[in-house]
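A short worksheet on the structure shown next.
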Amino acid sequence: MECLRRHMRCLSGCGCPPNVITYHCLFTCLEKPREILDLFDRMFKSGVLPQMDTYVLLIRKFGRWGFLRPIFVVWVKMEERGLSPDEFAYNALIDALLEKGMVDMARKYDEEMLAKGLSAKPRAELGTKLMQSQD
């Protein structure tokens, strides 16, 4: 992590301060949830605001690892910023919840997503399926 801090200072010192793309690249390279969350906090403190893609990237990454707490840390930060999750964020969260066997909670977010008019992925665990057109 110290190497990362030096690199960030070097970028800033060269007149090329990190932007959201820089942070995305760094998030994909890091492999420890605590380091990722620390960098996520530094992102905010440096004045770089995450895009919805940033939230989805982190939710998916933590979900693949089976870590729900960091997912909800990211989710709460998104809501605190006044952002409404898009279908990709919801689907990433629901996938992570189902992977951990939390079907009831996944169903809650699936219903919330549908109530907002967003498209949910078909999931057998939730009893949803792809709608066929009636031609």
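Just so it is clear, the structure is predicted and the values come from calculations on it, not from any experiment. Note that the numbering runs from 1 along the sequence shown for the chain.
Between Asp38 and Arg34, at least one side-chain N (NZ, or NE/NH1/NH2) sits under 4.0 Å from a carboxylate O, which counts as a salt bridge.
Legend: residues meeting side-chain contact (heavy atoms from CB on, under 4.5 Å) with Ala106, ordered by chain and number and at least two apart, are Ile94, Leu97, Leu98, Leu126. In this structure Phe88 satisfies the ring-ring contact (aromatic ring centres under 6.0 Å, His included) test with no other residue, sequence neighbours excluded. Scanning for ring-ring contact (aromatic ring centres under 6.0 Å, His included) contacts around Phe62 gives an empty result, with sequence neighbours left out. For Tyr23, the side chain to side chain donor-acceptor pair (under 3.5 Å) partners at least two apart in sequence or on another chain are Ser46. In this structure, the side-chain contact (heavy atoms from CB on, under 4.5 Å) partners of Lys116, at least two apart in sequence or on a different chain, are Ser84, Pro85, Tyr90, Glu112, Leu118. Residues satisfying the side chain to side chain donor-acceptor pair (under 3.5 Å) test with Asn19, not counting sequence neighbours, are Thr22. For Glu79, the side-chain contact (heavy atoms from CB on, under 4.5 Å) partners two or more places apart in sequence, or in a different chain, are Trp75.
Within the structure, every pair that satisfies the salt bridge (Lys or Arg N to Asp or Glu O under 4.0 Å) test and touches residues 87-101, not counting sequence neighbours, is listed here: Asp95-Lys121, Asp95-Arg123. Among residues at least two apart or in separate chains, salt bridge (Lys or Arg N to Asp or Glu O under 4.0 Å) pairs with a member in residues 59-78 are Asp41-Lys77.
Between Ile59 and Ala92 the shortest heavy-atom distance is CG2-CB, 3.6 Å.
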Which pairs of donor and acceptor atoms, one on a side chain in residues 49-58, lie under 3.5 Å apart (sequence neighbours left out)?
{"unit_1": "Thr54", "atom_1": "OG1", "unit_2": "His24", "atom_2": "NE2", "d": "2.6"}
{"unit_1": "Thr54", "atom_1": "OG1", "unit_2": "Gln51", "atom_2": "N", "d": "3.1"}
{"unit_1": "Thr54", "atom_1": "OG1", "unit_2": "Gln51", "atom_2": "O", "d": "3.3"}
{"unit_1": "Tyr55", "atom_1": "OH", "unit_2": "Arg81", "atom_2": "NH1", "d": "3.4"}

